[in-house]
Structures are given as structure tokens and as C-alpha cells.
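Given the structure is predicted, the values throughout are model-derived calculations rather than measurements. What's counted below: heavy atoms across the whole structure, side chains too, no hydrogens, waters or symmetry copies.
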Amino acid sequence: MKYEAPDNRKCLRVTRLISEAQDQGDALTLADRLRVRLHLLLCADCRHFKHNTEALHQIMKRYADINEDGRASQSPETTKGLVTRPFSV
């Protein structure tokens with residue numbers, strides 16, 4: 001079975017929408033939300049992009065909550081969803 005690269009135009013549009021949703025606090029139109037959901041059902045690459053974007057958002061949120069003494073806040077809001085095990089390549 002031959003690997004076929006994803007349709008880059010659709011993936012580029014969906015990744016842009018995922019990024020915009022992250023930046024604007026999920027302020028996508030209903031049509032855009034449906035477009036993203038449908039595409040994610042079919043595209044593993046974009047699902048990984050969405051997962052990594054969400055993880056990065058949580059990490060940056062935690063970084064922003066570092067106290068003046070250099071310790072990270074341990075509130076459930078800043079640690080929720082973070083992967084606590086090392087990634088394998």
C-alpha cells in the first residue's frame with residue numbers, strides 16, 4: 001500500500017483554523033468548526049497538529065503562571081492536560 005501525502009490545501013486551511021481558534025478562544029463560525037471536525041476525522045496529521053497545539057498552549061499557559069520565585073503554579077488549571085511522561089521519537 002502506497003503512502004499518499006495529505007491534500008495540503010485542505011490541511012493548510014484546517015491548521016490555520018485550529019491556530020485561529022486557539023488564539024481567539026474558539027471563536028470560529030459554526031461552518032468552520034464543522035469543517036475542522038470533519039477534516040480531523042479523516043486526517044491523522046491534522047489531529048496530531050491539533051493535539052500538539054493544545055499541548056503547547058497549556059505549556060505556555062503554565063510558563064506564564066511561573067511565580068516570581070521561579071516556581072510554576074501547581075493549580076489544576078495550569079497542569080491539566082499536560083503530558084507528564086517523556087515523548088519517544
Worksheet item: C46 and T15: side chain to side chain contact (heavy atoms under 4.5 Å, CB included), yes or no, with the steps?
Response: CA-CA 7 Å; C46 289; T15 55; 4.1 Å; yes
Worksheet entry | Nearest-0.5 Å distance, NE2 of residue H39 to CZ of residue R47 |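 H39 NE2 to R47 CZ: 9.0 Å, rounded to 0.5 Å.
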Worksheet entry | Atom pair CG (L40) and CG (D45), whose distance is rounded to the nearest 0.5 Å |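 The CG atom of D45 is 11.0 Å from CG of L40, to the nearest 0.5 Å.
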Discussion item. I'd like to check the side-chain contact (heavy atoms from CB on, under 4.5 Å) partners of R13; sequence neighbours left out, ordered by chain and number.
Written reply: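 Partners of R13 under the side-chain contact (heavy atoms from CB on, under 4.5 Å) test: R16, L17, D32, R35.
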Worksheet item: Between the side chain of H57 and the main-chain N/O of T53, is any donor-acceptor distance below 3.5 Å?
Response: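 No; judged by distance alone, with no hydrogens or angles, the pair does not exist.
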Item to complete: Starting from L34, walk the hydrophobic network (Ile, Leu, Val, Met, Phe, Trp, Tyr; side-chain heavy atoms closer than 4.5 Å) and list everyone else you reach, by chain and number.
Response: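 Besides L34, the hydrophobic cluster comprises L30, listed by chain and residue number.
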Worksheet item: With ILVMFWY side chains joined below 4.5 Å, transitively, what does L56's cluster contain besides itself?
Response: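 So far as hydrophobic clustering goes, L56 is joined with M60.
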Discussion item. For a side chain to side chain contact (heavy atoms under 4.5 Å, CB included) check, start with the C-alpha distance between F49 and C11, then their side-chain angles and the critical distance, and finish with the verdict.
Written reply: CA-CA 10 Å; F49 176 83; C11 291; over 6 Å; no
Discussion item. Within the structure provided, determine whether K10 and C43 are in side-chain contact (heavy-atom separation under 4.5 Å).
Written reply: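 No, side chains not in contact.
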